[in-house]
*Asks:* 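This is the structure I want to talk about, given as structure tokens.
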Amino acid sequence: MKRLLIIAATAILTATPFVTNAGPDDDLKAFRGYFLERFPNVPLEEFANGVYSIDAASREQWEAIEEFPPYEIAIEEGEELFNTPFKNGKTFASCFKNGGIGIKGDYPFFDKASGRVRTIEADINSCLKKNGEKTLGWGKGKLAAISAYMAFTTRGQIIDIKVPRDQRAIDAYEAGKVFYYARRGQLNMSCAHCHVDNAGNKIRADILSPSLGHASHFPVYRSKWGGLGTLHRRFAGCIKQVRALPFKNQSDEYRNLEYFLTYMSNGIPWNGPGARK
Amino acid sequence: MRQFAKPILLSASIVALVVSGLSFTPKAAYAGKSMAEKGKEISFHRQKGNCLACHKMADGALPGNIGPKLVNMKARYPDKSKLRAQIWDATINNPNTIMPPFGKFKIVTEEEIDMIVEFIYNL
């Protein structure tokens, strides 16, 4: 699959001058500009609220849900797990800057040492491993609860992801972008088909959310899941919808996609965890 | 702004991971029905045409609005084979279309496409 994706990337680079000429900065301007023009009455920070930023009817239902947020218990569970000492007496606080409080804004970032994009979920599990503890399952459950707590302590900060002038970081970002715009699956659709071209339109009874702000509120509590899920869990869901094979949680494909997508949300407040239907 | 989301034809088929086996049609299910009636079933079926995801058509409930309403097909497609071609592979008319290539990617069988055409030709 990796090889195939590289071939795909080459095809895209030669076919769209837009991709070759533009750096992350220009991409962000164009991406944000598109949505602000398409939804002229929605201020930038509102895009943190996904489909509820553009549809008054579903927003009302959602506001009612937010009065007793379904993710509240998960935040409490996450906080407790976060503060429970490992067998060696240390806690998660020992693995993160500022004791892990208010630092979700540092993720995802390009890590020079490993040459990969690092996500907060990957670092939670790395912390467990480093301390001789069993790692947690990706995507949902306890890991998502810890991530939700860490997101909660970061609420209100502004997304400000950096792509350093390191060719490998730029490559990771570009790979995420190529993934986002590539058609995939038997249904032959890209993320952009649904969340850029058709944002605000209805696919059957569902209104498609704009991609701008997509990364702000994860992990998210979804009624359909009956619990929390990480951004990578959502990626897998959308990829299965177009009848393609999903990648593994925390694969380079998803890390790079998260990197691109979060960068595209720069300037919007972090507001995780969120609630969606 | 269109260019922003210009997914590329070539890459498309390469990245595509075709899940086959979804286009199996139990013949018995359609026994005794006209081509157009069968076509309607296939068009509305979520695992087959699922045209209602994007098109308002006939009496289909809760249609999406991504594509145009399918009406007056006969007037707009005097040449039936052009209509069939649009369903077989919509990317030929519009390389950036979101509409899935139902024939090319074997989402439905050739026979099922004929049935769909019979159905929508009369809309």
Side-chain angles (χ1 to χ4, degrees), chain A residues 1 3-19 22 27 30-31 33-35 37-38 177-208 211 239-247 253, chain B residues 1-23 43-57 60-69 87-92 94-109:
Chain A
M1 193 56 213
R3 243 194 78 223
L4 293 184
L5 274 173
I6 291 162
I7 299 167
T10 331
I12 286 176
L13 289 177
T14 48
T16 27
F18 180 75
V19 178
D27 289 352
F31 196 84
Y34 168 85
F35 288 104
E37 196 175 303
R38 186 166 176 135
K177 179 164 76 171
V178 166
F179 191 106
Y180 185 84
Y181 289 105
R183 290 180 180 275
R184 68 188 65 249
Q186 191 181 32
L187 300 189
N188 202 35
M189 293 175 195
S190 70
C191 315
H193 273 124
C194 286
H195 296 294
V196 180
D197 292 4
N198 285 293
N201 284 343
K202 278 204 276 187
I203 188 155
R204 204 74 199 249
D206 288 324
I207 299 166
L208 290 161
S211 233
I239 288 170
K240 282 188 244 172
Q241 266 188 86
V242 297
R243 300 185 189 165
L245 294 176
F247 293 86
E253 285 82 0
Chain B
M1 229 11 258
R2 269 264 155 203
Q3 60 186 355
F4 206 118
K6 193 191 271 168
I8 308 352
L9 277 178
L10 249 185
S11 66
S13 27
I14 298 168
V15 180
L17 294 165
V18 175
V19 185
S20 53
L22 285 156
S23 45
S43 298
F44 285 15
H45 196 292
R46 282 178 187 266
Q47 300 306 320
K48 297 196 179 267
N50 199 18
C51 315
L52 288 169
C54 301
H55 295 282
K56 197 171 164 132
M57 60 200 292
L62 297 173
N65 61 0
I66 290 173
K69 183 176 175 187
I87 299 165
W88 199 84
D89 181 8
T91 65
I92 291 179
N94 172 8
N96 188 39
T97 190
I98 187 179
M99 179 162 155
F102 288 95
K104 189 176 177 193
F105 279 18
K106 302 192 187 321
I107 299 165
V108 296
T109 65

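Within every chain, numbering begins at 1; the chains are lettered A, B, ... in the order of the sequence lines, protein sequences first and strands thereafter. Computed from a predicted structure; not experimentally measured.
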*Asks:* Out of B/Leu62, B/Asn65, B/Leu52, which one racks up the most heavy-atom pairs below 4.5 Å with chain A?
*Replies:*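 Of B/Leu62, B/Asn65, B/Leu52, B/Asn65 has the most heavy-atom pairs under 4.5 Å with chain A.
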*Asks:* If we ignore hydrogens and angles and just use 3.5 Å, is the side chain of A/Arg204 paired with the main-chain N or O of B/Ala61 as donor and acceptor?
*Replies:* yes
*Asks:* Applying the side chain to side chain contact (heavy atoms under 4.5 Å, CB included) test to A/His193, which of B/Ile98, B/Thr97, B/Ile66 qualifies?
*Replies:*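 With A/His193 as partner, B/Ile98, B/Thr97, B/Ile66 yield a single side chain to side chain contact (heavy atoms under 4.5 Å, CB included), made by B/Ile98.
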*Asks:* Pair B/Ile107, A/Arg243 - check side-chain contact (heavy atoms from CB on, under 4.5 Å), show working.
*Replies:* CA-CA 10 Å; B/Ile107 299 165; A/Arg243 300 185 189 165; 3.6 Å; yes
*Asks:* Could you grab the distance from atom CG of A/Asn198 to atom SG of B/Cys54, nearest 0.5 Å is fine?
*Replies:* 7.5 Å
*Asks:* Considering only heavy atoms, which portion of A/Ile207 lies under 4.5 Å from any heavy atom of chain B: side chain, backbone, both, or neither?
*Replies:*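 A/Ile207 has no heavy atom closer than 4.5 Å to chain B.
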*Asks:* Can you give me the closest heavy-atom contact between B/Pro95 and A/Arg183, atom names plus distance?
*Replies:*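 Looks like O-NH2, 2.9 Å.
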*Asks:* Would you call B/Pro100 and A/Asn188 a side-chain contact if the rule is heavy atoms closer than 4.5 Å?
*Replies:* no
